[in-house]
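Encoded as structure tokens, the structure appears first; notes follow it.
Letters A, B, ... are given to chains in the order of the sequence lines, protein chains preceding strands, and every chain is numbered from 1.
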Protein chains: 2
Amino acid sequence: MLKQQVADIRAFNRFYTRVIGLLNKYILNSSFTLPEVRVLYEIYYHESITAGEIVQALGIDKSYLSRMLATFEKKKLVAKKRSGEDARILFLLLTARGRKEFEMLDAAQYSQIENILKRLSSVDCEMLVTYMTEIKKILAKAAT
Amino acid sequence: MLKQQVADIRAFNRFYTRVIGLLNKYILNSSFTLPEVRVLYEIYYHESITAGEIVQALGIDKSYLSRMLATFEKKKLVAKKRSGEDARILFLLLTARGRKEFEMLDAAQYSQIENILKRLSSVDCEMLVTYMTEIKKILAKAAT
DNA sequence: GATTATTAGTTGACTTTATCAACTAATTTA
DNA sequence: TAAATTAGTTGATAAAGTCAACTAATAATC
């Protein structure tokens, strides 16, 4: 029955909002904020990304990002390289230090998930991953 | 392999963060903020809930909630009733107006999900709900 | 049964997150 | 070459969230 399905999905959304919230909480104990980590993530996995692309990808304000990048530059985590072809564009890249810092965060987030999985049987782990992957696939269909 | 499982779960988390973000975006066009809607939800579905229980359920700060409830009271959406047994405790309840406002929001969120399900086959709908329910069960085990 | 500890909630001060509009500098177009 | 676009910066400010100290009431214990 559709009505019950909608209710179940909303229940999952509330539940999972809380899960994500708890996982993110730990980031708040790091020296970075949540949007900062997301920005570092984008630069780490797409070196030579532009500020505009991050604005698109994360849906954040360009002025907000501009200031965030300025503090990253001050801390020598991110460097900017002006494009030769279009001098309006700045390519962003992590410095060695930026990569190192991000990798530490990334590793901590990894072990946070790992600690959850450790509490589960291997069958439950497999099922969890399978269900998540399937949900992604199904929702991707709805998005087209 | 555990490593891949962790990576898959993190990919799901990034994916689902966006899903929830898109669903929540509409709330931002309402006259309520996201945490406000969550608080109204809690009171609506558990009349005679206390502030402390909401803090527990949603993981929000008690001072933040305290101020939010004050604005709800000012707008005549929420009323407080001091417990006779323990005068430290305030029970929360929605006024008729609060219930009406929440029901409008709730109906809009319902049809938002409904619109997504309409784009899926009934098998996909059922699978989606099943997977979500199973994920909740599995993660609940890990939480104990 | 007075004193201490605990609990529920409030308040003040603050930080983080986010937005808007005006601006600079470079590039494209007409 | 002037006008329009584009990428990003800066100033001002609002909204969201947090922390710690506080009040008021109750419960615990000596």
| task | Write down the distance between CD1 (A:I89) and P (D:dT5), rounded to a whole number of angstrom. | result | 18 Å
| task | Test B:R10 against A:D106 for salt bridge (charged side-chain N to carboxylate O under 4.0 Å, His left out), laying out the working first. | result | CA-CA 10 Å; B:R10 292 181 68 197; A:D106 208 51; 2.8 Å; yes
| DNA chain D contacts made by residues 59-69 of chain A, counting heavy atoms under 4.0 Å | A:K62, A:S63, A:S66, A:R67
| message | Without decimals, in angstroms, what is the distance between B:L92 CG and C:dA8 P? | response | 13 Å
| said: Can you measure B:R82 atom CZ to D:dT23 atom P for me and round it to whole angstrom units? | reply: 16 Å
| Within this structure, what is the CZ-to-P distance between B:F32 and D:dA15, rounded to whole angstrom? | 15 Å
| message | Apply ring pair (Phe, Tyr, Trp, His ring centres under 6.0 Å) to residues B:F12 and A:Y16 and explain how you reach the verdict. | response | CA-CA 11 Å; B:F12 178 77; A:Y16 215 75; 5.3 Å; yes
| Is any side-chain N of the basic residue among B:R99 and B:E47 closer than 4.0 Å to the acidic one's carboxylate O? | yes
| task | Locate the shortest heavy-atom distance separating A:L117 from B:I9; write the atom from each residue and the value. | result | CD2-CD1, 3.6 Å
| said: Run A:K100 and A:E103 through salt bridge (charged side-chain N to carboxylate O under 4.0 Å, His left out) and show every step you take. | reply: CA-CA 5 Å; A:K100 200 177 135 200; A:E103 281 159 8; over 6 Å; no
| query | Separation of B:L90 atom CG from D:dA24 atom C1', in whole Å? | reply | 11 Å
| For A:L34 and D:dA16, what is the distance between atoms CG and P respectively, to the nearest whole Å? | 17 Å
| remark: In short, A:F102 meets A:L94 closest at the heavy-atom pair CB-CD1, 4.4 Å
